[in-house]
Amino acid sequence: MFSPPPNRRPRIPCLAVLVLAAGHAALAQSQPQDPPPAVVACKGQVTQPAGSQAPGDQYVFFGANPKPGDKEGDNPAMNLVKLMDFSVSTLIPGSHIIPTDPSKPEWAKVIAPGGTPVNTGILYHNGGQNTSHRDLVTFRITNPAVTSFSVWVLDSTLKNNSNANLALRVNGGDPLAATATVQTATSNEFTQFTVTGASISDVFSVAVLNDAKPIFRTLAGLTFAVIPEPATAGKRLPNIQQDGWNDLNKNGRKDPYEDPAQPLTTRVDHLLKQMTLPEKLGQLNQLVRFADKAKLDAALFPLMRRGEVSSYIWTAPNPALRNQFQRIAVQESRLGIPILFGMDIIHGARTLFPIALGMACSFDPQLLERAQSVAAREARAEGLEWVFAPMCDLARDPRWGRVAETCGEDPYLSALCNAAQVRGFQGPNPAAPDRVAACLKHFAGYSAATGGRDKNDTEISEWTLRNAHLPPFQASVKAGALTIMSAFNAIDGTPSTANRHLLTGILRDEWKFGGFVVSDWDAVAQMIQWGYAKDKADAARLALNAGNDMDMKSEAFVPNLAAEIQAGRVAMATVDEAVRRVLRVKFLVGLFERPYVDELAYRPGQVIPEDAALARECVAKSTVLLKNTGILPLAREIKKVALIGPVGDDHSEMLGCWPGRCSWAETTLAGALTAALPKDATLTVVKGCDISTTPRTKTLQDGSVVPDEDVAAVSADVQIDAAVRAAQAAEVVIMAVGEPKGWTGEGGSRLFLSLGGKQQVLFDAVAATGKPIVTIVFSGRPLSLPAVWSKSAAVLYAWQPGSQAGPGLADLLVGAASPSGRLSMSVLREVGQAPNYYNQLRTGLPGFSFRDHLTSGEPQYPFGYGLTYTTFEYSPLRITPAAAGQPAAASVTLTNTGKRAGDEVVQLYIGQLVCHDGARPKQELRGFKRVTLQPGGKAEVSFPLTGEVLGYVDRKGQPQVDAGTYDITIAPSAHKGTPLKFEFAR
Ligand code: NOJ
C-alpha cells in the first residue's frame with residue numbers, strides 16, 4: 001500500500017474534516033498546526049443512495065477501508081450515491097480529505113477538531129459502462145498563500161480492474177490554460193499530483209479519464225488527500241504557450257522554429273542549427289513504453305530532459321500519461337522538441353474494421369480510405385500522431401501469418417488499397433486534429449519469407465522486387481506517406497535495415513521520398529544476430545549510412561554514433577539529414593503547435609454510430625461468398641436455426657490480430673442474428689468445441705502430468721454431441737468456425753491451413769446430420785478446407801471482420817446486404833500448393849500437376865473470385881483500336897441475369913506474350929470496376945489499354961512498355977474468361 005517517500009511524507013495537519021460515512025456527514029474541529037493549511041472548498045451536495053444499481057449507472061460510495069475488489073455490500077460502511085448526483089459540498093475552509101490506509105494508522109485516522117478520530121472520505125467509483133471522464137471531486141484552493149500542494153490519490157482498484165487513469169484537471173483540463181502546473185508520479189498504488197503555481201481562481205478536479213468496460217465490473221476505489229506543500233516544494237514548470245505559438249526554448253521570443261508562419265525548411269534548419277550532437281542523435285531514437293509499464297518511469301526523465309527521446313511506441317491508450325511524458329520533453333528540455341507517439345493501429349483503434357486482407361476484398365479503395373480516416377481520428381484522440389500502417393507487403397504465402405495485415409497478393413490492387421489507406425490516415429493535412437502520419441511497412445520484401453516462416457530470409461530478384469513487391473510502396477509514397485519502416489528480412493544477404501540500395505537508392509534517389517525511415521523493432525541490433533554487424537556501434541553505422549533515420553527500440557544510435565562520427569565512419573551531414581527528416585515529420589503533424597492531446601475529449605470505448613455503421617458496411621463488402629446452392633439469403637420461412645461453432649457467440653475472436661483499442665465486440669454473431677431473424681424464428685447456439693485445443697493435462701507441483709478434470713468435464717466430444725442434437729432439430733445450421741486470432745499476424749506462421757482445435761471433427765459430425773450448412777469462416781488467411789467447401793450449402797469467407805462482425809454478417813445472412821467481396825488472395829486446395837498466387841511468372845511447363853490426389857496446381861478459388869446473390873453475364877470481349885487521340889479500349893456488356901440487385905467487380909487482366917526484359921505473369925490485374933445493377937440491368941464496362949496499363953518496370957526502376965502482343969481478359973476473377981489478342985504499337 002501507500003508509503004510516501006520520506007522527504008515528501010505529508011504531515012497530517014489537524015484540520016477540520018468532513019466525515020462521509022453511511023448516511024451522515026459530520027463536521028469536527030481541528031487544532032491548527034503549521035504549515036498553513038490548504039483551504040479546500042468544494043461545491044454541491046452529497047446525496048443518499050439513488051435507486052438500484054444498474055449497468056451503465058455510475059455510483060460513488062463512501063465508506064471505510066476499501067480493499068481492491070470490494071463489491072457493493074462487501075463493506076457495510078459503504079453508502080451508495082449515484083455519481084450523477086454527487087459532489088462534495090460542505091467541506092469547510094481549511095478542511096482536508098485524508099487517505100485511509102489500514103496498514104498506516106496515521107493515515108487511517110484523522111484527528112478531527114476536538115481531537116476525535118474520524119473516518120475519512122473514500123470515493124468508490126464503479127467501472128460500469130462508459131464511466132470515463134468523470135470529475136470525481138472538484139475543489140479550489142482558497143488560501144492565496146498556498147500555491148503548491150500535492151493531491152494523493154489511491155487508485156489501486158482502478159488500476160487492478162481497468163485501464164483507468166486518473167488525472168488532476170485544472171480549469172477544465174487544458175493544461176496550457178491554467179496558471180498551475182501539474183506533475184504526476186506514482187508510488188505503489190497512489191498517484192501523486194504535485195501542483196505548483198496554483199492561484200485561488202484555479203479549479204481542480206480529480207477525474208477518471210479512461211475507464212471503459214463493456215460490462216458491469218467490480219468497484220474501483222479512490223481515496224484522495226490534498227496536502228499543502230512548503231512554498232519551496234515542487235518546481236514550477238514554465239508556461240510555454242503564447243498567442244498562437246509555443247515558446248519551446250523558453251526564451252520569451254518567437255524564434256523561427258517556433259513560428260508557424262515560417263516555411264517548413266526555415267523552421268527545420270533553424271532548429272537543427274541550435275542542436276547539439278546528443279540532441280540530434282536523440283531525435284533518431286525511438287523507445288518503447290508498454291501498457292503494463294504505463295506509468296511515469298523516472299529513469300526516462302533525464303533522457304527526455306536531455307532531448308534524447310524522439311519517439312515512443314506507445315502501447316497504452318492513456319492520453320493523460322502521454323501528456324505527462326510530453327510535458328517533460330517540451331517544458332523541461334532545452335529546445336522543447338515534442339515527442340512523436342506512434343503505435344500499430346492497423347485496422348482500427350476503437351472501431352475495428354475487417355483486417356486489411358478482408359478490406360481489400362471489397363475492391364473498393366475508397367472504403368479503405370474512409371475506414372482509416374476513422375482510425376486516424378480515434379488514434380489522434382488518444383494522443384498518437386503516428387500509426388505503423390499500412391502494410392504494403394504482398395500476401396503470397398498463406399502459411400505466413402502476416403498476410404492478414406496485407407492487401408493481398410496482387411500488386412495493382414495492393415497499390416490502390418495502400419495508397420487509399422495513406423490518404424485515410426493523413427488526409428489533406430496530417431496536422432489536423434483527426435489525422436496521423438502513416439508508416440508504410442515493411443520495406444521491402446518481408447512477405448517473401450522462406451516457407452512462410454515469419455522473419456525468415458528472403459530471396460527476391462530485382463525483377464520481382466520491382467514488379468511485384470515495390471509497386472504498393474511506390475504508390476503509397478506518391479500518396480504522400482510521411483514515414484516508412486524498413487523490414488526485418490535480408491535480400492541478397494543484406495538486411496533491409498542496412499540496404500542502401502533500397503533505403504537510399506530506390507526510396508530517396510528514385511522516388512524522392514521526403515519523410516523518414518524507421519527501422520523495425522530492434523532490427524538495428526538484430527543485424528548482430530544476422531551475422532552482418534559485429535556490435536551495436538557497427539549496426540548503428542550500417543543502418544544510418546544505409547538510410548535508416550530512426551532506430552526503433554535497439555538503442556544503438558544514441559550511445560554509438562558520436563564515436564562513429566569522431567572516427568570518420570559516419571558523416572555529420574548524414575546525421576543532420578536524418579534529423580532534418582524526423583523534424584520535418586514532427587512539424588508536418590503539427591506537434592510543435594499542439595504537443596498535448598486533449599485528455600478530456602478522449603472517450604475510451606466510445607464508438608460513434610456513423611463509425612459503427614461504416615464498419616458494418618465494411619463487413620458486408622469484405623466478406624466473400626465462396627459457395628451458394630441457393631440457401632442464402634435465408635428465407636423468412638426458416639424458423640429453426642442452429643448456430644454452431646466457437647466463434648458464434650464469441651466477443652473477441654472476430655476482431656483479429658492487432659485489435660487496436662478494442663478487445664471486445666459488443667454484439668456477437670449470435671446476438672446480431674437473434675435480432676435479424678424473424679421474430680417467430682428460434683436460434684439455438686452451441687459452441688461445439690474450443691477454437692483451439694486446450695491441453696487435457698496439467699502439471700502438478702511434483703512435476704507429474706495428470707488429466708485435467710476441469711477440461712475433461714466439458715470435453716469437446718460432449719459439446720459435439722450437443723451440437724449434433726441442435727443441428728438435427730434445426731432447419732438450417734450456420735457454422736461459425738475458423739482459426740484462432742492468435743494464430744495470425746506477427747509470429748503467426750502455420751504448418752497447416754486447417755481449422756483450429758476439434759473444429760473439423762465438429763464440422764464433419766454436424767455435416768453428417770444432412771442438414772444444410774452455411775459455413776462462415778473466420779480467419780486471418782485463406783484456409784484450405786476441402787470438406788467445408790464440398791459439404792456446405794453455402795460458404796461466407798468473413799476473414800477477421802472486426803467489431804461489427806455480428807451485425808455485418810447477420811445483414812448478409814438475412815439478405816439485408818448482398819455479398820460483393822472478391823478474394824484478394826487465392827484459396828488453395830492444400831497447404832502443399834503454397835505459395836500459389838495467380839500472377840506467377842510464366843513457365844515452360846504450364847499445367848503442372850501434383851503426383852498425389854490433386855490433378856492440377858490450380859487453387860480452389862482464385863484471386864478475384866466471389867459470388868453474389870444474383871448472377872451476371874459477360875458479353876464477349878470487344879477491343880476498340882486506338883483512334884483520334886483515344887487509346888484502345890477493352891469492353892464488355894454486363895447484364896444482371898438474376899432476380900436480385902447486386903454488385904459485380906469486373907476485372908481487367910493483361911498478359912504480355914513476349915518480354916525480352918524478363919518473363920511476365922500470364923495474367924496481371926490492371927483495372928477493375930464495381931458495378932451495381934438491378935435485375936435485368938445492363939452496363940457497358942470498358943478499360944483503356946494504354947502503355948501505363950500494359951507496362952512493367954525494368955531492373956533500373958524505369959517504367960517500360962513494349963510494342964507487341966498482349967492477352968486481354970475481362971472476367972469475374974483471375975483464371976476466368978477467354979482472352980483476346982491485342983497488338984500494342986507505341
Ligand atoms: C514489429 C512489427 O514487424 C511491425 O510491423 C510493428 O509495427 C513493430 N513491431 C512495432 O510494433
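Whatever order the structure lists them in is the order used to number ligands and atoms, beginning at 1.
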Q: Output the distance between atom CD (Q800) and atom OG (S779), rounded to the nearest 0.5 Å.
A: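 Output value for this atom pair is 6.5 Å.
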Q: Report yes if the side chains of L544 and E564 come closer than 4.5 Å at any heavy-atom pair, otherwise no.
A: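 Contact flag for L544/E564 side chains = no.
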Q: Taking ring pair (Phe, Tyr, Trp, His ring centres under 6.0 Å) as the definition, give me every residue that meets it alongside H469, ordered by chain and number, with sequence neighbours left out.
A: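 With neighbours one apart ignored, the set is empty.
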Q: If you apply the rule ring-ring contact (aromatic ring centres under 6.0 Å, His included), what do you find for Y312 with F325, and how did you get there?
A: CA-CA 10 Å; Y312 278 111; F325 268 71; 5.2 Å; yes
Q: Does the side chain of E405 reach to within under 4.5 Å of the side chain of I355, using non-hydrogen atoms?
A: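 E405 vs I355: side chains apart.
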Q: Hey, are R350 and E382 close enough for a salt bridge, meaning a charged N less than 4.0 Å from a carboxylate O?
A: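 So R350 does not pair with E382 through a salt bridge.
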Q: Please tabulate, one line per pair, the protein nitrogen or oxygen atoms found under 3.5 angstrom from a nitrogen or oxygen of ligand 1, with distances to 0.1 Å, or say none if there are no such pairs.
A:
unit_1, atom_1, unit_2, atom_2, d
ligand 1, 3 (O), R402, NH1, 2.7
ligand 1, 3 (O), H442, NE2, 3.3
ligand 1, 3 (O), D520, OD1, 3.4
ligand 1, 3 (O), D520, OD2, 2.6
ligand 1, 5 (O), R402, NH2, 2.8
ligand 1, 5 (O), K441, NZ, 2.9
ligand 1, 5 (O), H442, NE2, 2.7
ligand 1, 7 (O), D344, OD1, 2.5
ligand 1, 7 (O), K441, NZ, 3.1
ligand 1, 9 (N), D520, OD1, 3.4
ligand 1, 11 (O), D344, OD2, 2.4

